[in-house]
There are 2 protein chains.
Amino acid sequence: MKRRNTPTKAAVLSLLAGADSAMSHDMLLEMLEDSVDRATIYRILNRFCADGVVHRVLADDGKQYFALCEDCAQQTEHSHNHFHFRCLTCSRVECLGTEVSVNLPSGYRAENFNGVISGVCSRCG
Amino acid sequence: MKRRNTPTKAAVLSLLAGADSAMSHDMLLEMLEDSVDRATIYRILNRFCADGVVHRVLADDGKQYFALCEDCAQQTEHSHNHFHFRCLTCSRVECLGTEVSVNLPSGYRAENFNGVISGVCSRCG
DNA sequence: ATATTATTGCAATTAAGTCGCAATAATTGA
DNA sequence: TCAATTATTGCGACTTAATTGCAATAATAT
Ligand SMILES: [Mn+2]
Ligand SMILES: [Mn+2]
Ligand SMILES: [Zn+2]
Ligand SMILES: [Zn+2]
């Protein structure tokens, strides 16, 4: 199933590229110019994840946030082992630069990393 | 509002104490002897969290898991800065011992830590 | 231009968790 | 021991996030 280029896909990608923080589904829904169906946005985001274009963060507010893969994609092995910070005041979710390495007990194989720290960011502090 | 002791509360606590992994709401619902309402279990767990008896983990399957506070309660400052591992095969969620310290950008204040790594555990490997 | 099929919109559905309210039962203390 | 107080429970309705089936639409290839 080869991907096709659609206006909505392009618009979502451009929003993610222009954002300085990870975006949730409803943020995108709100920011998109022409009205798009909710399900469509979910599907576009899921495709982006599958294609390694964005990574998904499940935050502690129970919502998924999506961020364009940038630094994480430039690893030798594309991994998303970095934390995200969610501000309880302004509700921005941002990637925290440094990759973290967790050493698991022997015999454990890591497949996915999901690290979120919530608190108050500097601009809301 | 002072807490009262009820059979269900005791049963949930004993299940958590006897478990070798964090438990989700539906696991508890299934394991409880006499049938208990879903909402009651949620409320008991939320009270345990408020009282610092258990800690809550939001895993990357979108469910909440609860683990008795043991090591985490013995810190000078009771904190839950440790990762949890969720096995994609047996779906057990367990606390990974070591406390991790994340250094946030200056001006950021951490309130809550939620770290989950999913993959395959040693017994399923 | 036509055929193929990925993508979309819409409505229905799933899943996790919360909430209001009346009934129940744990605690207190007379 | 009994009655009063009120935390807790059960039940149903509700909220929110996300997924899914299906027919219609539109991007791509020939
Ligand atoms: Mn990435
Ligand atoms: Mn704890
Ligand atoms: Zn903020
Ligand atoms: Zn396992």
Side-chain angles (χ1 to χ4, degrees), chain A residues 1-16 22-51 53-67 84 86 88 91 93 112 114 116 118, chain B residues 1-16 22-51 53-67 84 86 88 91 93 112 114 116 118:
Chain A
M1 49 178 87
K2 208 173 343 170
R3 300 284 183 236
R4 295 182 182 180
N5 292 316
T6 67
T8 308
K9 172 181 174 180
V12 170
L13 190 57
S14 131
L15 282 176
L16 288 167
M23 306 194 63
S24 64
H25 159 267
D26 47 305
M27 287 161 128
L28 289 163
L29 182 59
E30 191 183 308
M31 295 180 69
L32 283 166
E33 296 291 344
D34 1 59
S35 87
V36 178
D37 190 76
R38 312 175 330 95
T40 300
I41 300 181
Y42 279 117
R43 287 192 269 229
I44 288 176
L45 291 169
N46 284 338
R47 261 173 264 147
F48 279 163
C49 284
D51 296 348
V53 176
V54 305
H55 55 264
R56 183 198 320 265
V57 187
L58 187 64
D60 50 356
D61 60 352
K63 293 192 204 167
Q64 303 182 349
Y65 289 80
F66 300 86
H84 294 80
R86 182 171 71 90
L88 298 167
S91 57
V93 172
N112 195 281
N114 195 85
V116 175
S118 51
Chain B
M1 49 180 87
K2 210 177 334 170
R3 301 284 183 233
R4 295 184 182 177
N5 292 316
T6 67
T8 308
K9 172 181 174 180
V12 169
L13 189 57
S14 131
L15 282 176
L16 287 168
M23 307 194 62
S24 64
H25 158 267
D26 48 305
M27 286 160 131
L28 289 164
L29 181 58
E30 190 183 310
M31 294 181 71
L32 282 166
E33 297 290 344
D34 359 58
S35 87
V36 179
D37 189 76
R38 310 175 330 98
T40 300
I41 301 182
Y42 280 117
R43 286 191 269 229
I44 288 176
L45 290 170
N46 285 338
R47 261 174 264 145
F48 280 164
C49 283
D51 296 347
V53 176
V54 305
H55 56 264
R56 183 199 317 266
V57 187
L58 186 64
D60 52 355
D61 60 352
K63 293 192 204 166
Q64 303 182 349
Y65 289 81
F66 301 86
H84 294 81
R86 182 173 70 92
L88 298 167
S91 56
V93 172
N112 197 284
N114 195 84
V116 174
S118 51

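Heavy-atom basis, side chains included; hydrogens, waters and symmetry copies ignored. By convention in this document, chain letters (A, B, ...) are assigned in the order of the sequence lines, proteins followed by strands, and residues within each chain are numbered from 1.
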How long is the line joining CG of B:Asn46 and P of D:dA7, in whole Å? 17 Å
Rounded to whole Å, the CG-C1' distance (A:Leu29 to D:dT19) equals 16 Å
Is the distance from OP1 or OP2 of C:dA25 to the nearest side-chain N or O of B:Arg4 less than 4.0 Å? no
Quick check: on DNA chain C, is the nucleotide nearest B:Pro7 upstream (toward 5') of the one nearest B:His25, or the reverse? Name the residue that is more 5'. B:His25
Touch class at under 4.0 angstrom, heavy-atom based, for B:Asp26 against every strand present: nothing
Winner on side-chain proximity to B:Lys63, out of D:dG21, C:dA16, C:dT4, is C:dA16
Identify which nucleotide among C:dT7, C:dA25, D:dC11 has an atom closest to any side-chain atom of A:Arg47, counting heavy atoms from C-beta outward. C:dT7
Measure from CZ on B:Phe66 to P on C:dG17 and round the result to the nearest Å. 7 Å
Given atom CG of A:Leu58 and atom P of D:dA17, what is their separation to the nearest angstrom? 12 Å
A:Phe66/A:His55 aromatic ring centres below 6.0 Å: no
With respect to the side chain of B:Arg43, which nucleotide from C:dC19, C:dC10, C:dT8 is positioned closest? C:dC19
Rounding to 0.5 Å, atoms CG (B:Leu32) and CD1 (B:Ile41) come to a distance of 5.0 Å
When the ring centroid of B:His25 is compared with that of B:Tyr42, is the distance short of 6.0 Å? yes
side-chain N/O B:Tyr42 vs C:dT18 OP1/OP2, d < 4.0 Å: no
Donor-acceptor pair between B:Asn46 and B:Arg56 side chains, under 3.5 angstrom: yes
Atom CG of B:Asp34 and atom C1' of C:dA25: how far apart are they, to the nearest Å? 15 Å
Let me know the distance between CD1 of B:Ile44 and C1' of C:dG17, rounded to the nearest Å. 15 Å
Do the side-chain N or O atoms of B:Lys2 get closer than 4.0 angstrom to the phosphate oxygens (OP1, OP2) of C:dT28? yes
Give the rounded distance in Å between these two atoms: CG of A:Asp61 and C1' of D:dT15. 15 Å
Closest to the A:Arg38 side chain, choosing from C:dT5, D:dC11, D:dT19: D:dT19
Nearest-nucleotide comparison on DNA chain C, the residue closer to the 5′ end among A:Arg3 and B:Ala39: A:Arg3
From the list D:dT9, D:dT28, D:dA18, which nucleotide is the closest neighbour of the side chain of A:Asn5? D:dT28
Starting at NZ of B:Lys9 and ending at C1' of C:dT27, how long is that distance when rounded to a whole Å? 12 Å
With a 4.0 Å limit, can you tell me whether A:Thr40 has a side-chain N or O closer than that to the phosphate oxygens OP1/OP2 of C:dG9? yes
Looking only at the side chain of B:Thr6 (C-beta and beyond, no hydrogens), which of the listed nucleotides D:dT8, C:dT8, C:dA11 gets closest? D:dT8
Look at the side-chain N and O atoms of B:Gln64 and state whether any lies under 4.0 Å from the OP1 or OP2 oxygen of C:dG17. yes
Separation between NZ of B:Lys63 and CG of A:Leu58, rounded to the nearest 0.5 Å: 13.0 Å
Calculate, to the nearest 0.5 Å, the distance between atoms CD1 and NZ belonging to A:Ile44 and A:Lys9 respectively. 8.5 Å
Testing D:dT19, D:dG10, C:dG9 for proximity to the side chain of A:Asp37, the answer is C:dG9
